[in-house]
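The shown structure was predicted, so the numbers you read here are calculated from the model rather than taken from an experiment.
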2 protein chains.
Amino acid sequence: MIDIDGFDTRILAFLQDDAAVTNQQLGERIGLSASQVSRRRQRLEETGVLRRYRADIDPASVGFTVVAFVGVALDAHSRQNARRFKDLVRGLPEVQEAHVMTGDMDYLLKVVVRDLAALADFINEDLLPHDSVRNVRSSIAMETLKDDNLLPFAAGL
Amino acid sequence: MIDIDGFDTRILAFLQDDAAVTNQQLGERIGLSASQVSRRRQRLEETGVLRRYRADIDPASVGFTVVAFVGVALDAHSRQNARRFKDLVRGLPEVQEAHVMTGDMDYLLKVVVRDLAALADFINEDLLPHDSVRNVRSSIAMETLKDDNLLPFAAGL
DNA sequence: GTATCCATGCACATTCTGTGCATCACACCT
DNA sequence: AGGTGTGATGCACAGAATGTGCATGGATAC
């Protein structure tokens, strides 16, 4: 693990909340010059701590109204099946997250689509036809209370 | 819904993937001048389509190694209980996402913590003591295959 | 004590941003 | 058809942000 001091941590905490902040502003808040913030950011980017910068788009305003979590159980736990399923989900743009899970479902997918019809299509045409899939169990998010995806830097966690 | 044309869609698609791109580069890729890209971005920001810009930090490199999904069932489906639980999860920094779900679990939380001990603490000290919570069912992500949180602009979805 | 290494601040050249302005295309109305 | 208005566009330019060179200072090791 790269060594990250208090300055770095504070830079990361600010940037993950608002990446549009300038190095100057950032420096004022943490007590560092803009150039030094620039250098630290560059180091954090080069070492892979800062992976990239992303725009956060309101899904509803561009027509994506349905979020669902889909649990998937594979047919046999062979290495080959797992491999093929990984390749599948990586290529599906509707899948925002895919995790290998403990418990009775092998995978948990977070899926974003335009409407319920698109969700049905996704399950029936992308997931179920894949012959390593035994069964799926989907649950729809009726309301999203929080979706910031911020690492809990706050509170010294 | 704000009207968004093809230029806007392409701007959004690029920005959600890489917000560090300059207006000049963006303009070259979609066939627009930098100034016009700037104006469109400003409009998208003002109308709330572009909510904010975030740095994507590698969780492992700053010590957050455990991702878990926690399903929560409330005791009684009273409006008051729901309200209090909402306020609770909004204030918990470990919770990256919180959704109200269909199915046998009322809520699904995505939780990020440093280790399994912190997960146990979170469940035993933050969740279970809350007297509207009936029971929780947690599942740990052993491996994350995908976590881009990109809206599926690609493929004309 | 001395040498070395690294973080820091300052200055400056380069790049980026966003606004003013004139032009153009398109729609609408008479 | 002609005239008018609205909005999108590109260009130019002023202001701002970035990042690199350079000298300084503090800490560590020998």
Does [X] make a side-chain donor-acceptor contact with the base of [N], cut-off 3.5 Å?
{"X": "Arg40(B)", "N": "dG7(D)", "result": "no"}
{"X": "Arg43(B)", "N": "dG7(D)", "result": "no"}
{"X": "Ser33(A)", "N": "dC10(C)", "result": "no"}
{"X": "Arg41(B)", "N": "dG18(C)", "result": "no"}

Checklist entry - Hey, does Phe7(A) have a side-chain heavy atom less than 4.5 Å from the side chain of Val37(A)? => result no
Next on the checklist: Just so I know, are the side chains of Asp106(A) and Phe85(A) near enough to count as touching, which here means a heavy-atom distance under 4.5 Å?
Outcome noted: no
Item to check | Donor-acceptor contact present, side-chain Gln36(A) to main-chain Ser33(A), <3.5 Å | outcome: no
Checklist entry - Among dG18(C), dT19(C), dT18(D), which nucleotide sits nearest the side chain of Asn23(A)? => result dT18(D)
Item to check | Leu32(B), nearest nucleotide to its side chain (from dT8(C), dT9(D), dG18(C)) | outcome: dT9(D)
Output the rounded distance in Å from [atom1] ([X]) to [atom2] ([N]).
{"X": "Asp8(B)", "N": "dT9(D)", "atom1": "CG", "atom2": "C1'", "result": "14 Å"}
{"X": "Ile30(A)", "N": "dA7(C)", "atom1": "CD1", "atom2": "P", "result": "14 Å"}
{"X": "Gln24(B)", "N": "dA16(D)", "atom1": "CD", "atom2": "C1'", "result": "17 Å"}
{"X": "Leu26(A)", "N": "dT18(D)", "atom1": "CG", "atom2": "C1'", "result": "13 Å"}
{"X": "Glu45(B)", "N": "dG18(C)", "atom1": "CD", "atom2": "C1'", "result": "12 Å"}
{"X": "Ile11(B)", "N": "dT17(C)", "atom1": "CD1", "atom2": "P", "result": "12 Å"}
{"X": "Arg39(B)", "N": "dC11(D)", "atom1": "CZ", "atom2": "C1'", "result": "10 Å"}

Item to check | Phosphate OP1/OP2 of dT17(C): any Gln42(B) side-chain N/O under 4.0 Å | outcome: no
Checklist entry - Given dG9(C), is OP1 or OP2 found less than 4.0 Å from the side-chain N or O atoms of Gln36(A)? => result no
Next on the checklist: Heavy atoms only, 4.0 Å cut-off, all strands: where does Thr22(A) land among base, sugar-phosphate and nothing?
Outcome noted: sugar-phosphate
Checklist entry - Going by an N to O cut-off under 4.0 Å, is there a salt bridge joining Asp8(B) and Arg40(B)? => result yes
Checklist outcome for this item: Correct closest heavy-atom pair for Ile140(A) and Leu116(A) would be CD1-CD2, 3.6 Å
